[in-house]
Amino acid sequence: MTDEPLLRVSALSKFYGSRVGCDNVSFDLWPGEVLAVVGESGSGKTTLLNCLSTRLLPSSGTASYRMRDGQFRELYRMSEAERRFLMRTDWGFVHQNPADGLRMTVSAGANVGERLMAVGDRHYGKIRATAVDWLSRVEIEQDRIDDEPRAFSGGMRQRLQIARNLVTGPRLVFMDEPTGGLDVSVQARLLDLLRGLVTDLGLAAIVVTHDLAVARLLSQRMMVMKDGRVVESGLTDRVLDDPRAPYTQLLVSSILQV
Amino acid sequence: MPTPLVVSDVAKSFTMHLRDGIKLPVVAGVSFSIRAGECTVLGGPSGAGKSSILKMLYGNYAVDEGQIIVRHEDGLIDLANASPRTVLAVRRQTIGYVSQFLRTVPRVSALDVVAEPLVERGEEREVARGKARALLAQLNLPEKLWALPPATFSGGEQQRVNIARGFITGHPILLLDEPTASLDATNRNVVIELIAAKKAAGVALLGIFHDHDVREAVADRIIDVTAFAPGKLAA
Amino acid sequence: MTDIATYNFAYLDEQTKRMIRRAILKGIAIPGYQVPFASREMPMPYGWGTGGVQVTASIIGPDDVLKVIDQGADDTTNAVSIRAFFKKVANVAVTTDTAGATIIQTRHRIPEHPLTAGQVLVYQVPIPEPLRFLEPRETETRKMHALEEYGLMHVKLYEDIAKHGRIATTYAYPVKVEGRYVMDPSPTPKFDNPKMHRSPALQLFGAGREKRIYAVPPFTDVVSLDFEDHPFEVQTFDQPCALCAAENVYLDEVILDDHGGHMFVCSDTDHCEKRRQEGHRGHLAPEIHLASEKMEPAQ
């Protein structure tokens, strides 16, 4: 098994005129690693995530991804067809609002099965069985398989979105505030589910969040962003227990104790 | 290897940016090594930096100066300047840590908390759980608690989960931060037994023990941390 | 005064015909691909076959013989008006005989009699985009066709099976053309889909309101979408035509009275009439006096 990184990002920057989206971000990500990108509103973390997942083109910098055949490909030089294929098979993207990542007017089973059908699966019975299996893995009752996500609660929709993303066995998952807007008890359940799936499936993930507790729970490594720049990075527990940058110290000290 | 861990001239201070950048030195000139099959104890009063040293050896605290040389797999790593990925590998394979407080994760049972370090090293989950059960039984944790998440446990119960989690693997180096603080006499003795077993297996232990009796029972060597107080560097 | 003097041959001006012919050629070169075209104002409203009429008008010549059918019948409103339209603006020969026509314009059916090389079948299409009801954004559907991303099409079929136990789509059943583009065959019953596969005739599709033309050249593979464990099946009828006893043809239900009386007869009126002329009789044939047998003979 090769010890090469899965994703190599170098000097990634995105400017809107003179306004900084993100500036000079570099890092490597290995298979099975979860990287949290933490910051407050306007920190550039969402811009960074959108650039990394090729939903936005950066102003400068490169990102290379190691494909399943072991070759590195530069993401921003790929054709749109290749990028879209990557998004559907080897990558996942979990949106903060699950409605953005689901087809709301189509059944839960079809939502999970769509990617399989998109890559050529043509056996109804097998597709349905896979959907049933995934629904149980994300703790959605199997008898909801033919219901539309319009009838689901927020937490259930989010879990369905996760199943929809993971069904093709992606190696890299992008998550944008995956627990944002959910009730606390629902959050806890979702985080535990994510933790388990990431470990069991050996997923690499980049998780954008403003919640340090989510970062602590899900990630091994962390980047703190402010005004588009990375102000501190390292092991998650090190950054949270021994913050060195002024902004990180401010963030950590601002957490309310329960 | 007889000395799997060598600390060389390590210094650390905290810079409190929220208080106008006051610099609080913690330790300086820290140099010592620990030997396989022995339990070395960090001694000294509260606030002298014992816990901080342990945390630096685990990569949980950053190091300002100096080196921490660890024998990892077949080579030597300087933990003080290692990449996050390397530190994670060292934690997985080489250095274990029993922290003072258990950080609980919602919904994970005590049994799985204990089994996790083995599972991370590639052990089959059911085998790991079997070993976890044995350790928890040895530590007298009531069986009915094994399937419950430890968030609602008492301090002593949580501490025992922590200890089991730290002792379950075969890490050649083990760091112990007050492992007996919340335990009664019976369980303190269990911990003493566990430490003795580790020593016999050739593990190098480094610990902080406030309890006098436990310290007497396990320590092969005591390092007085006040020797590393900042500002005390040999002129 | 002759009516012909006020119109160009077949109503459209020559530049428009050229533009439409170019679109048709492009459609033939890329089977199943929807070619946008500048649909013109026609003397019938949108929804009445303006797309099909523009295609026919662009390809028809003075020596052509035109047949027009609507739901398989030569004698319904749509068919009668369009046939009269082309008689007026092109003065071409018209017929109800499938075998004798060179151009057949159709609304929602393919004739039962097999077509031959040299014939052209022109379909009237309301919504050319097979993905429209699943994905309303034109920008997205264009990308999906361009990138061959057709997973969504199978999602629709999956939903059918989940809801009804089988694929419930019975008309406008999506097909894959030459292994590349997914196409809407127009609202023909799925019964007719197999007729499109490797037909010797040229098949042209015109959507006037949506401004698209597409084509299936002769002998092109046209395969209906399905699942391995739910293969495509045509409808079957459990009785033959009540008038001519034809089997394995598409039947229409005709209500006879207010007491629930009904009969099933050939949708393709020309086919039925020919069979009755040959002597075939269904179980209701002697009792019913059909309007179509009183139709004006072809001129």
Side-chain angles (χ1 to χ4, degrees), chain A residues 1 3-6 27-36 139 179 184-196 198-200 202 204 213-214 216-223 231-254 258, chain B residues 12-24 26 51-64 73 79-92 97 99-101 103-109 112-113 115-122 124-125 128 149 151 177:
Chain A
M1 211 59 198
D3 196 35
E4 290 194 290
L6 191 61
F27 66 90
D28 289 341
L29 187 73
W30 271 265
E33 273 192 343
V34 179
L35 173 71
E139 301 175 19
T179 57
V184 173
S185 63
V186 175
Q187 265 197 45
R189 186 180 184 187
L190 188 74
L191 283 174
D192 184 57
L193 186 72
L194 279 173
R195 243 181 111 250
V198 164
T199 314
D200 289 343
V214 170
R216 166 100 61 186
L217 198 68
L218 284 184
S219 68
Q220 298 100 14
R221 289 170 52 202
M222 197 160 114
M223 278 185 349
V231 298
E232 189 161 3
S233 66
L235 281 178
T236 300
D237 64 283
R238 204 283 299 155
V239 173
L240 291 176
D241 290 342
D242 185 17
R244 317 254 272 174
Y247 180 65
T248 319
Q249 290 185 354
L250 175 64
L251 268 188
V252 171
S253 68
S254 306
V258 174
Chain B
K12 177 165 185 67
S13 56
F14 289 116
T15 306
M16 319 283 274
H17 293 285
L18 299 182
R19 301 206 203 127
D20 298 322
I22 300 175
K23 209 164 167 186
L24 294 178
V26 183
S51 225
S52 301
I53 291 175
L54 270 192
K55 287 179 180 165
M56 281 192 278
L57 297 192
Y58 197 58
N60 182 233
Y61 273 8
V63 174
D64 290 343
E73 293 181 330
L79 211 58
N81 296 303
S83 70
R85 187 170 159 67
T86 308
V87 175
L88 287 171
V90 170
R91 287 181 183 179
R92 208 167 22 245
Y97 184 59
S99 61
Q100 215 168 354
F101 306 106
R103 187 167 255 113
T104 59
V105 170
R107 303 201 327 169
V108 180
S109 69
D112 283 327
V113 168
E116 204 177 307
L118 278 186
V119 172
E120 270 177 23
R121 285 165 71 126
E124 272 231 22
R125 188 166 281 279
D177 194 344

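Order of the sequence lines sets the chain letters (A, B, ...), proteins ahead of strands, with each chain counted from 1.
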Participant: Any chance you could lay out the side chain to side chain contact (heavy atoms under 4.5 Å, CB included) test for B:Asn60 and A:Asp242, step after step, and finish with the verdict?
Facilitator: CA-CA 7 Å; B:Asn60 182 233; A:Asp242 185 17; over 6 Å; no

Participant: Out of the candidates B:Val26, B:Asp64, B:Val63, only one should pair with B:Met56 under the side chain to side chain contact (heavy atoms under 4.5 Å, CB included) rule; please name it.
Facilitator: B:Val63

Participant: Side-chain contact test, heavy atoms from C-beta onward, threshold under 4.5 Å: evaluate it for A:Val198 versus A:Leu218 and give yes or no.
Facilitator: no

Participant: Measure A:Leu217 against the heavy atoms of chain B and call it side chain, backbone, both or neither at under 4.5 Å.
Facilitator: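 Just the side chain, heavy atoms under 4.5 Å.
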
Participant: Which atoms of B:Arg91 are under 4.5 Å from chain A, going by heavy atoms: the side chain, the backbone, both sets, or neither?
Facilitator: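 Just the side chain, heavy atoms under 4.5 Å.
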
Participant: Looking only at atom types and distance, does a side-chain atom of A:Gln249 sit under 3.5 Å from a main-chain N or O of B:Thr15, one as donor and one as acceptor?
Facilitator: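 Confirmed, A:Gln249 side chain pairs with B:Thr15 backbone.
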
Participant: Which atoms of A:Ser233 are under 4.5 Å from chain B, going by heavy atoms: the side chain, the backbone, both sets, or neither?
Facilitator: neither

Participant: Would you mind checking which part of B:Phe14 comes under 4.5 Å of any heavy atom in chain A, side chain (CB onward), backbone (N, CA, C, O), both or neither?
Facilitator: side chain

Participant: Looking at chain B, which one of A:Arg244, A:Arg221, A:Gln220 has the largest number of heavy-atom pairs inside 4.5 Å, strictly under?
Facilitator: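 Ranked by heavy-atom pairs under 4.5 Å with chain B, first place is A:Arg244.
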
Participant: Just verifying a value: how many Å separate A:Ser185 OG and A:Leu190 CG, rounded to the nearest 0.5 Å?
Facilitator: 11.0 Å

Participant: Looking at B:Lys55, B:His17, B:Met16, B:Glu120, which one has more heavy-atom pairs under 4.5 Å with chain A than the rest?
Facilitator: B:His17

Participant: Does this structure show an ion pair linking B:Asp112 with B:Arg107, if we count only N-O contacts that are shorter than 4.0 Å?
Facilitator: no

Participant: Where does A:Arg189 contact chain B at under 4.5 Å (heavy atoms): side chain, backbone, both or neither?
Facilitator: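 Looking at A:Arg189, backbone and side chain both touch chain B.
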
